[in-house]
Amino acid sequence: MTRRTFRRNSFWLALSLVLMLVSSIGASLVQTVGGSVAVEDMRWEAASGREMSALLFKPAAVSAEDPRPAIVVSHGWWNNREMQDANYVELARRGYVVLSIDMYGHGNSDPLPAGQEAVGGTGMYDAVKLIADLPYVDPSRIGVTGHSNGARAANFSVALDNQAETPLIASVLLVDNDPVYVDDAGAFTNIYGSRDTGVIQAQYDEFFFRSYDAEGNALTPPREYLSTPNAQSFLHFGQDPSEATDVREAGQVYTQDVDGADAMRVVWSLPQTHPWSTISSTAVGHLVDFFDESLGAPNPLAAGDQNWQLKEVLTTFGLIGFGIFLVAFTRALLGTRAFAGVRVSEPIAAVANTRRGLVWFWGGLVVTAVFSILSYVLLSQAEWAGAIAFGSVNLIAPGVPWFIGIWAAINGVAGLVIMIVSYLLFGRRSGQDLRAVGVLPGWRRFGLGVALALTTTVAAFGIVFVLDYFFKTDFRFWVIAVKAFNPEMIGYSLIVLPLFLVYFIANSVAINSFNRFTLRGREWVNTALLALFNSLGPIVLVVAQYTTFFITGETIDGFGGIFSIWLFPVVVILAVAAVISRKIYRETNNPYIAGFLNAAIVTIISVTNSLVMTY
């Protein structure tokens, strides 16, 4: 490494550390409202006998003499407690005590036994019991809200609360999941009783707010939800809509005396998708308005007065810093005695390609993109791809990391086949030397490269853990998150890691050893094209899915259900992985370092932001 390269890399390494530190400090200041809200990382054995994890937000002014209303908030399936940051930031600013939970099977809470999703309200009702006992909480003013399956947890909790000797839940806000409309006999009912209950409904929800016939066929798309008997029954407090005298509308608060108490019902129908609500200022505005009217905010603020977006920007800076660190720290380690054998004295320059070489280049890109699309669609319809069995125990099911891992491995094998064909029919005849381009680096350099990748992985997540300890924040943008995790997640990651290794090693070899050259005299153009084509399959799938959805009101039949949402982070991850791979290769001439590094990082990110269900 030359002195100039060393200085440049030192700058990027320092910048990455600064970005992560500023991100954590700034995000902490936002979520603590400048230090006026205490944030506690809680672990406790809940009433159901399982260990639960949550973040508790306690405004400084609360006390036993001045008890405050409290709200339990929950993420959806395959997420974690930090996914509710928009809601807990804004509710804490308004003086509520807030408990943001990891539902069972998620984050740092205990795994979820299959078939026991309703136990303890998937953790939400266990959290309600805990918060109701806090001396500074007014037990008569407790609300619950959740997104997607977090809303299902709220429905489970209401059912449990109905059976309790002393009910605890005063208000319920369901976000992007249906209310309970009918009883076991199929008659319209009001399980929410006198509780204030609201719904935030996405008009382009991939999973909910449809009406079905007796055969299970969808009758109405989500954007027509308000016209359905289900919605009208909910807004009429469980009355059979055929007996109602009026048609009720979105955005209108309806009140009625129920069991001697004045209860309200409201539905907000928003032109957005299912995952969009987690970063929607409109949805957050309706949420704070709902709880303000239902429970009474101690520090009322206008619905549009929101600061959570600043936290999202700051945690995004941390995510960028994390990515820069992976490259800069790897390069820095090349200057140490332990890893000096990996470094090349003079990086091999990219060369201009030939006309025949360009035909193979473009042909390979098109074939891999088409194969990526087709394999995803076919795999998404295979039931066996949605769960992982390990011995006699299913550890992750339905397993999004398992599904995406299988898809990745299939595409990795396809990439290997394409490279072998390319080498036999073109590369070998053109003088391609597999040792010179790093495909055959020798066992020593290969082993050192793997050790280098693992060292960088440990160092990167070490920083995440340290910053989480001091500031209780992570690095994230929407559904892409890098967070601290429980040690057992390493075991789960090792199960999925081989699948991602197949893909990312093949991908790094393809990008660097087979497709590295200049276009119009510039290597960065080649890198940008490879990053684009890395993500092109998922991009096409997302565009096809949501264009169809917005035009017809329904998603593409059999397109993969929940797995479609996971294409959003995949688009970004694959593009970034290509850039990381190229930058590390230029300093090492070893494609396996980035292959192992990308596989390890993506595996940990995927598993720690997913669901662990046991059988």
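Atoms considered below: every heavy atom in the structure, side chains included; atoms not considered: hydrogens, waters and symmetry mates. Computed from a prediction, not measured in an experiment: that's the story for all the values here. Numbers here are sequence positions counted from 1.
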> Would Leu13 and Phe329 count as a side chain to side chain contact (heavy atoms under 4.5 Å, CB included) if you check the C-alpha gap in whole Å, the side-chain angles of each, and the deciding distance to 0.1 Å?
Replying inline: CA-CA 6 Å; Leu13 181 58; Phe329 188 74; 4.2 Å; yes

>> Run Thr473 and Asp468 through side-chain hydrogen bond (donor to acceptor under 3.5 Å, both in side chains) and show every step you take.
In response: CA-CA 5 Å; Thr473 63; Asp468 172 79; over 6 Å; no

> Please walk me through it: do Phe485 and Ile490 pass side chain to side chain contact (heavy atoms under 4.5 Å, CB included)?
Replying inline: CA-CA 9 Å; Phe485 51 85; Ile490 297 175; 3.8 Å; yes

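- Taking all atoms of both residues into account, the shortest heavy-atom contact from Pro591 to Gly438 is CD-O, 3.3 Å.
- How far OG of Ser606 is from CG of Leu499: 11.0 Å, rounded to the nearest 0.5 Å.
- Put simply, the side chain of Arg445 gets close to the backbone of Thr588: a donor and an acceptor are under 3.5 Å apart.
- His147 and Ser277 share no side-chain donor-acceptor pair at under 3.5 Å.
- Side chains of Tyr585 and Tyr592 form no contact here, defined as non-hydrogen atoms less than 4.5 Å apart.
- For residues 405-417, every residue pair satisfying the side-chain hydrogen bond (donor to acceptor under 3.5 Å, both in side chains) rule, not counting sequence neighbours, is listed here: Ser375-Trp407, Ser375-Asn411.
- Ionic pairing of Arg586 and Glu523 is present here: one or more N-O contacts between side-chain nitrogen and carboxylate oxygen are shorter than 4.0 angstrom.
- In this structure, CG in Leu21 is found 11.0 Å from OG in Ser16, a value given to the nearest 0.5 Å.
- Of the possible donor and acceptor atoms, one in the side chain of Ser380 sits under 3.5 Å from a partner among the backbone N and O of Val377.
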> Taking it one step at a time, do Glu587 and Arg343 satisfy salt bridge (charged side-chain N to carboxylate O under 4.0 Å, His left out)?
Replying inline: CA-CA 6 Å; Glu587 301 294 331; Arg343 186 183 64 217; over 6 Å; no

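- Asn526 meets the side-chain contact (heavy atoms from CB on, under 4.5 Å) test with Phe361, Phe517, Leu519, Leu530, Arg582; sequence neighbours excluded.
- A search for side chain to side chain donor-acceptor pair (under 3.5 Å) contacts involving Gln309 returns nothing, not counting sequence neighbours.
- How far OG of Ser581 is from CZ of Phe504: 10.0 Å, rounded to the nearest 0.5 Å.
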Give every donor-acceptor pair under 3.5 Å between a side-chain atom in residues 100-107 and any protein atom, sequence neighbours left out.
residue : atom : partner : partner atom : Å
Ser100  : OG   : Arg81   : O            : 2.9
Asp102  : OD1  : Arg81   : N            : 2.8
Asp102  : OD2  : Ser53   : OG           : 3.0
Asp102  : OD2  : Asn108  : N            : 3.0
Tyr104  : OH   : Ser48   : OG           : 3.0
Tyr104  : OH   : Asp126  : OD2          : 2.6
His106  : ND1  : Tyr104  : O            : 3.1
His106  : NE2  : Trp78   : N            : 3.1

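- Of the possible polar contacts, one joining the Thr368 side chain to the Leu365 backbone as a donor-acceptor pair under 3.5 Å is found.
- Between Phe426 and Trp360, the two ring planes are parallel [angle under 30°; tilted spans 30° to 60°].
- A search for salt bridge (charged side-chain N to carboxylate O under 4.0 Å, His left out) contacts involving Glu488 returns nothing, not counting sequence neighbours.
- In this pair, Tyr546 and Phe568 present their aromatic rings tilted. The plane angle is within the 30 to 60° band.
- Looking at heavy atoms from C-beta onward, Arg516 lies out of side-chain contact with Ile511 at the 4.5 angstrom threshold.
- Ring geometry, Phe403 versus Tyr376: the interplanar angle exceeds 60°, so the pair is classed perpendicular (tilted spans 30 to 60°).
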> Under the side-chain hydrogen bond (donor to acceptor under 3.5 Å, both in side chains) criterion, do Trp478 and Thr278 qualify, and how do the steps go?
Replying inline: CA-CA 8 Å; Trp478 195 19; Thr278 58; 3.3 Å; yes

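- Side-chain contact between Met20 and Phe322: present, with at least one pair of heavy atoms (C-beta onward) separated by less than 4.5 Å.
- Counting only heavy atoms from C-beta outward, the side chains of Thr273 and Phe550 approach each other to under 4.5 Å.
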If you look only at distance, which donor and acceptor atoms sit under 3.5 Å apart when one is on a side chain in residues 456-466 and the other is two or more places apart or in another chain?
residue : atom : partner : partner atom : Å
Thr456  : OG1  : Thr330  : OG1          : 3.1
Thr456  : OG1  : Leu452  : O            : 3.1
Thr457  : OG1  : Ala453  : O            : 2.9

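- The line from CG of Asn486 to CE of Met489 is 6.5 Å long, rounded to the nearest 0.5 Å.
- Listed by chain and residue number, nothing satisfies the salt bridge (charged side-chain N to carboxylate O under 4.0 Å, His left out) test with Lys472 (two or more places apart in sequence, or in another chain).
- By the salt bridge (charged side-chain N to carboxylate O under 4.0 Å, His left out) test, Arg43 is found to be paired with Asp41, residues two or more places apart in sequence or in another chain being considered.
- With contacts defined as side-chain heavy-atom distances shorter than 4.5 Å, the pair Ser23/Phe475 qualifies.
- By the 4.5 Å heavy-atom criterion applied to side chains, Leu55 and Gln84 are not counted as neighbours.
- Partners of Ile539 under the side-chain contact (heavy atoms from CB on, under 4.5 Å) rule, at least two apart in sequence or in another chain, are Leu532, Ser535, Val543, Val571.
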> Does the pair Phe533 and Leu536 meet the rule for a side chain to side chain contact (heavy atoms under 4.5 Å, CB included), with working shown?
Replying inline: CA-CA 5 Å; Phe533 272 85; Leu536 188 59; 3.6 Å; yes

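- Legend: residues meeting salt bridge (charged side-chain N to carboxylate O under 4.0 Å, His left out) with Asp205, ordered by chain and number and at least two apart, are absent.
- No side-chain heavy atom of Trp12 sits under 4.5 Å from any side-chain heavy atom of Val327.
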>> Determine whether Asn609 and Asn79 satisfy the following criterion, side-chain hydrogen bond (donor to acceptor under 3.5 Å, both in side chains), listing intermediate values before the conclusion.
In response: CA-CA 5 Å; Asn609 288 281; Asn79 290 133; over 6 Å; no

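- Scanning for side-chain contact (heavy atoms from CB on, under 4.5 Å) contacts around Leu440 gives Leu434, Arg435, with sequence neighbours left out.
- Using modelled atom types, one finds a donor on one side chain and an acceptor on the other under 3.5 Å when comparing Asn534 with Asn507.
- Looking only at distances, no side-chain donor or acceptor of Ser148 sits under 3.5 Å from a matching main-chain atom of Gly150.
- Separating the CZ atom in Arg429 from the CZ atom in Arg356 is a distance of 6.5 Å, to the nearest 0.5 Å.
- Between the CZ atom in Phe317 and the CD1 atom in Ile320 there is a gap of 6.5 Å [rounded to 0.5 Å].
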> Where do Glu206 and Thr555 land on the side-chain hydrogen bond (donor to acceptor under 3.5 Å, both in side chains) test, with the steps shown first?
Replying inline: CA-CA 7 Å; Glu206 293 88 338; Thr555 55; over 6 Å; no

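- Among residues two or more places apart in sequence or in another chain, the side-chain contact (heavy atoms from CB on, under 4.5 Å) test is passed with Leu416 by Met419, Ala506.
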